[in-house]
Amino acid sequence: METMRLSKRLAEMGVCSRREADVYIEKGWVKVNGVAAVLGQKVGPDDHIVVEKQALAAQSHRVTILLNKPVGYVSGQAENGYQPAVVLVRPENHWSADQAKINFSRDHLKGLAPAGRLDIDSVGLLVLTQDGRVAKEIIGENSDVEKEYLVRVEGELDADGLRLLNHGLALDGQPLQPAKVWWQNQDQLRFILREGKKRQIRRMCELVGLRVVGLKRIRIGNIMLGDLPTGQWRYLSPEESFS
């Protein structure tokens, strides 16, 4: 009988992330066949897994924040003297047109982590979340959530180069998944990707003789950047989802 770690099974079930699963197990909120689970426990396909209501209640209080990241901030941990984008999540930067009706709390900053990255010189929609399920949905191994970008470029691009941007390029020795790329106007391309390798769009453009001079993410799944001002943020409302 094939077994796997309980934390992995819970993540595959969409209950939580593996890290969150370990927390729930430590707190005694997960039972396997009626017995409290232990860290590192393995389960089979026939084992009965129950997650207690306390875990579900904890999840319901987790927030996801949408930030319009400016140039000059890194997505994750501070590096090379640059601040992480999370420092912008302050009451004074909360978008006044936010419709989520969630009151800001300092607790919303605990465990807030980026679900995906934007390079320091890129701008636009950045998702910061306390919820491992949201992170998995956006950047998990099997995620197929689209990410859409407006990309200002310099250089010449012929029909063959545009075809290669859509499908046929490889990075790091691995072929890229098909993309959707077309001209938005005479100096700007629109990209839709379902994957997110490091500096992927910039490197793709370099392979076809283009130089990126501006990159803005405008959509992740069903969530648009919309009118959210640069440097400001809003909550993801309970009625919204990425897929």
Side-chain angles (χ1 to χ4, degrees), residues 66-88 113-129 135 137-233 242-243:
L66 311 173
L67 171 70
N68 188 346
K69 187 188 89 67
V71 168
Y73 291 85
V74 293
S75 298
Q77 298 294 321
E79 55 184 79
N80 300 325
Y82 292 102
Q83 291 184 299
V86 71
V87 303
L88 295 170
R117 58 176 289 137
L118 271 178
D119 300 325
I120 191 170
D121 43 3
S122 300
V123 302
L125 183 57
L126 181 66
V127 176
L128 302 162
T129 186
E137 181 181 14
I138 296 173
I139 59 173
E141 185 177 346
N142 299 315
S143 173
D144 63 354
V145 171
E146 290 183 342
K147 291 87 175 176
E148 187 170 352
Y149 305 81
L150 293 177
V151 184
R152 197 168 299 280
V153 295
E154 291 180 348
E156 298 296 326
L157 181 69
D158 58 19
D160 189 56
L162 184 59
R163 179 185 60 78
L164 285 171
L165 285 174
N166 277 272
H167 194 208
L169 296 176
L171 292 176
D172 306 321
Q174 297 291 325
L176 295 174
Q177 296 178 18
K180 298 175 186 176
V181 185
W182 66 96
W183 284 107
Q184 176 74 10
N185 53 48
Q186 64 181 10
D187 65 350
Q188 191 168 230
L189 290 163
R190 188 179 287 253
F191 276 71
I192 297 178
L193 306 179
R194 292 183 181 270
E195 59 187 334
K197 293 182 179 294
K198 188 174 182 179
R199 297 182 73 84
Q200 178 172 334
I201 291 177
R202 296 176 188 276
R203 294 163 69 195
M204 288 173 69
C205 287
E206 288 172 3
L207 290 173
V208 296
L210 296 175
R211 186 173 77 89
V212 172
V213 295
L215 189 153
K216 182 178 186 178
R217 184 158 61 205
I218 60 172
R219 178 174 68 89
I220 298 177
N222 293 326
I223 303 301
M224 300 291 298
L225 178 64
D227 296 328
L228 182 61
T230 301
Q232 295 190 26
W233 61 273
F242 293 94
S243 60

| message | Go through it in stages, so that I can follow the logic: the residues are Lys180 and Glu148, the test is salt bridge (charged side-chain N to carboxylate O under 4.0 Å, His left out), and I'd like the CA-CA distance, side-chain angles, deciding distance and then a yes or no. | response | CA-CA 9 Å; Lys180 298 175 186 176; Glu148 187 170 352; over 6 Å; no

For a quick test of reading the model, state the closest non-hydrogen atom pair linking [X] to [Y] and the distance between them.
X: Gln200; Y: Leu193; result: NE2-CD1, 3.7 Å
X: Ala179; Y: Leu165; result: CB-O, 3.8 Å
X: Val145; Y: Phe242; result: CG1-O, 4.4 Å
X: Leu118; Y: Leu125; result: CD1-O, 3.7 Å
X: Asn68; Y: Thr230; result: ND2-N, 3.4 Å
X: Ile138; Y: Ala115; result: CG2-O, 3.7 Å

| Asn185 CG: over 12 foreign heavy atoms closer than 6.0 Å |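 More than 12 within 6.0 Å, yes.
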
| task | Please step through side chain to side chain contact (heavy atoms under 4.5 Å, CB included) for the pair Val153 and Trp183, ending with a clear verdict. | result | CA-CA 10 Å; Val153 295; Trp183 284 107; 4.0 Å; yes

Roughly how far, to the nearest 0.5 Å, is [atom2] of [Y] from [atom1] of [X]?
X: Leu189; Y: Leu210; atom1: CG; atom2: CG; answer: 6.5 Å
X: Leu128; Y: Leu67; atom1: CG; atom2: CG; answer: 6.0 Å
X: Leu126; Y: Arg217; atom1: CG; atom2: CZ; answer: 6.0 Å
X: Ile120; Y: Tyr73; atom1: CD1; atom2: OH; answer: 10.5 Å
X: Ile218; Y: Leu228; atom1: CD1; atom2: CG; answer: 13.5 Å
X: Leu88; Y: Trp233; atom1: CG; atom2: CH2; answer: 11.0 Å

| field | Non-hydrogen side-chain atoms of Arg219 and Tyr149 separated by less than 4.5 Å | value |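 When only atoms from C-beta onward are counted, Tyr149 and Arg219 do not touch, as no gap falls below 4.5 Å.
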
| Is Ile220 close to Val127 at the side-chain level, that is, under 4.5 Å between some pair of heavy atoms? |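 They are in side-chain contact.
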
| request: Decide side chain to side chain contact (heavy atoms under 4.5 Å, CB included) for Gln174 and Leu171; before the verdict, give the C-alpha distance in whole Å, the side-chain angles of both, and the deciding distance to 0.1 Å. | output: CA-CA 5 Å; Gln174 297 291 325; Leu171 292 176; over 6 Å; no

| query | Do we see a donor-acceptor contact under 3.5 Å between the side chains of Arg190 and Gln184? | reply |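 Yes, Gln184 and Arg190 have a side-chain donor paired with an acceptor closer than 3.5 Å.
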
| Ser143 and Glu137: side-chain donor and acceptor closer than 3.5 Å? |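 No, Glu137 and Ser143 have no side-chain donor paired with an acceptor closer than 3.5 Å.
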
| Residue pairs fulfilling salt bridge (charged side-chain N to carboxylate O under 4.0 Å, His left out) with at least one residue in residues 68-78, sequence neighbours excluded |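 Counting only pairs at least two positions apart or across chains, no salt bridge (charged side-chain N to carboxylate O under 4.0 Å, His left out) contact touches residues 68-78.
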
| message | Show every salt bridge (charged side-chain N to carboxylate O under 4.0 Å, His left out) that has at least one partner inside residues 159-171, sequence neighbours left out. | response |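 Sorted pair list: Asp160-Arg163.
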
| message | Checking salt bridge (charged side-chain N to carboxylate O under 4.0 Å, His left out) between Asp172 and each of Arg199, Arg203, Lys198, which is the one that passes? | response |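 Looking at Arg199, Arg203, Lys198, the match for Asp172 under the salt bridge (charged side-chain N to carboxylate O under 4.0 Å, His left out) is Arg203.
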
| task | Start with the C-alpha gap between Leu164 and Leu162, add the side-chain angles, then the distance that decides, and say whether side chain to side chain contact (heavy atoms under 4.5 Å, CB included) holds. | result | CA-CA 5 Å; Leu164 285 171; Leu162 184 59; over 6 Å; no

| task | Would you check if the side chain of Glu195 reaches a backbone N or O of Gln177 as a donor-acceptor pair within less than 3.5 Å? | result |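 Yes; judged by distance alone, with no hydrogens or angles, the pair exists.
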
| field | Sidechain-backbone polar pair: Ser122 side chain, Lys216 backbone, donor-acceptor under 3.5 Å | value |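 Flag not set: sc Ser122 to bb Lys216 has no pair under 3.5 Å.
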
| said: Checking Val208 against Leu157 for the side chain to side chain contact (heavy atoms under 4.5 Å, CB included) test, could you report, in this order, the C-alpha distance in whole Å, the side-chain angles of both residues, the deciding distance, and whether it holds? | reply: CA-CA 7 Å; Val208 296; Leu157 181 69; 3.8 Å; yes

| said: Check this for me, if you would: do Glu206 and Arg211 make a salt bridge, where the nitrogen-to-carboxylate-oxygen distance has to be below 4.0 angstrom? | reply: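 No, Glu206 and Arg211 are not salt-bridged.
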
